[in-house]
Amino acid sequence: MVSSPSSTPSSPLDAGLHLGVLNPGHIKDAIATKLTSAPSDIFATYIQSIHPWFPIIALTLQDQLPKSWNEASLDYTLLALCISLLCTSPPPSSGDGTLSGLQSTYLHIKSWIAVIEGLGITSLKIVQARTLVTLFEVAHGFYPAAYISIGTTVRAADALKLHDYSPPSSSPSTNEESAREEAVLVGCAIRILDRYGSPFIPQTYNFPWS
């Protein structure tokens, strides 16, 4: 007979996930506790450190940034933490098998993405967050995690039908233009990651926007 899982967190990682309260507000608050910079500072870090070589976020987002994490949406908070993760230098290895702060944040993000997905929440920002996590895995040589992540990122993008975004036919709003721009950028980013994140198995997946 299999016993029921305990509701008591069994490790610091479990404790940080707040899995006992599975709603978007509590998940967002748990993510925000790991952010030490304001939304505008996180976006400035993205513009300086990531956008020049791996652009996936429209610069017009700067005009729509929340003033604080209390006002931020769940998906933007997750995306901001992924930006912070990617821009943090790894510490020297302790050699004792314990998780570093960077590794802990990475595992938290992976877990939060799974929980958010399980709640049926998806958006372009969540796909962008997945893309940055995959980039982190590729950059740090996390295989086969990177290979698995690129597959789930492709599926997440396909679920949003990013490849169906068409050029504006009339006078679209700034938000619509940004969404179209980001859809193209994310599509290109996923293609690049698929080439670098799949070293073991031949690429056989046909992208929906091919």
Side-chain angles (χ1 to χ4, degrees), residues 42-62 64 73-90 102 105-107 109-114 116-117 120-169 172 174-210:
I42 294 287
F43 190 70
T45 298
Y46 164 79
I47 292 175
Q48 180 179 3
S49 303
I50 302 176
H51 190 79
W53 60 279
F54 200 80
I56 63 169
I57 303 173
L59 296 182
T60 50
L61 177 64
Q62 188 168 5
Q64 308 162 29
S73 62
L74 169 60
D75 55 1
Y76 178 73
T77 307
L78 176 66
L79 177 60
L81 186 57
C82 293
I83 292 171
S84 180
L85 174 74
L86 192 58
C87 294
T88 301
S89 300
L102 189 66
T105 299
Y106 162 71
L107 293 176
I109 289 174
K110 295 280 283 190
S111 300
W112 278 317
I113 288 175
I116 291 168
E117 180 185 71
I121 302 171
T122 187
S123 71
L124 179 55
K125 285 185 176 62
I126 291 176
V127 174
Q128 290 168 322
R130 281 183 171 277
T131 303
L132 290 183
V133 171
T134 305
L135 176 60
F136 176 84
E137 292 169 337
V138 170
H140 289 269
F142 288 4
Y143 298 108
Y147 178 75
I148 295 170
S149 291
I150 191 61
T152 57
T153 302
V154 167
R155 294 292 187 182
D158 192 29
L160 281 182
K161 302 298 181 185
L162 294 186
H163 51 287
D164 287 341
Y165 278 89
S166 57
S169 56
T174 301
N175 288 348
E176 291 173 337
E177 289 182 336
S178 297
R180 291 189 178 94
E181 176 187 350
E182 289 181 334
V184 173
L185 292 174
V186 170
C188 293
I190 291 174
R191 282 180 176 274
I192 292 170
L193 289 174
D194 185 56
R195 293 189 178 279
Y196 288 96
S198 308
F200 302 123
I201 301 176
Q203 298 169 41
T204 57
Y205 185 83
N206 292 321
F207 285 95
W209 47 76
S210 297

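The first residue of the sequence shown is numbered 1, and numbering continues consecutively from there.
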Derivation of the salt bridge (Lys or Arg N to Asp or Glu O under 4.0 Å) call for E117 and R155: CA-CA 12 Å; E117 180 185 71; R155 294 292 187 182; over 6 Å; no
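- Between atom CD1 of residue I192 and atom OG1 of residue T134 there is a gap of 13.0 Å, rounded to the nearest 0.5 Å.
- The shortest heavy-atom contact between V186 and T131 is CG1-OG1, 4.0 Å.
- Minimum heavy-atom separation, L124 to A179: CD2-O, 4.1 Å.
- The line from CG of L86 to CG of L102 is 9.5 Å long, rounded to the nearest 0.5 Å.
- Interatomic distance, CD1 of I126 versus CG of L74, reported as 6.0 Å (0.5 Å rounding).
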Test I109 against F136 for side-chain contact (heavy atoms from CB on, under 4.5 Å), laying out the working first. CA-CA 12 Å; I109 289 174; F136 176 84; over 6 Å; no
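- In this structure, the separation between CG on L185 and CZ on R180 is 14.0 Å, given to the nearest 0.5 Å.
- Using a distance-only test at 3.5 Å, with no hydrogens or angles considered, no donor-acceptor pair links the side chain of E137 to the main chain of F142.
- Here the CG atom belonging to L59 is positioned 7.0 Å from the OH atom belonging to Y46, to the nearest 0.5 angstrom.
- When atom types are taken as modelled, the side chain of Q128 and the backbone of I56 share a donor-acceptor pair closer than 3.5 angstrom.
- For A189 against F54, the heavy-atom pair with the smallest separation is CB-CZ, 3.5 Å.
- When every heavy atom of P52 is checked against every heavy atom of I47, the shortest pair comes out as CD-O, 3.2 Å.
- Of the possible polar contacts, none joining the S84 side chain to the A80 backbone as a donor-acceptor pair under 3.5 Å is found.
- Closest heavy-atom contact between D75 and S123: OD2-OG, 2.8 Å.
- Distance check, rounded to the nearest 0.5 Å: OG1 of T153 to CD1 of I113 gives 7.5 Å.
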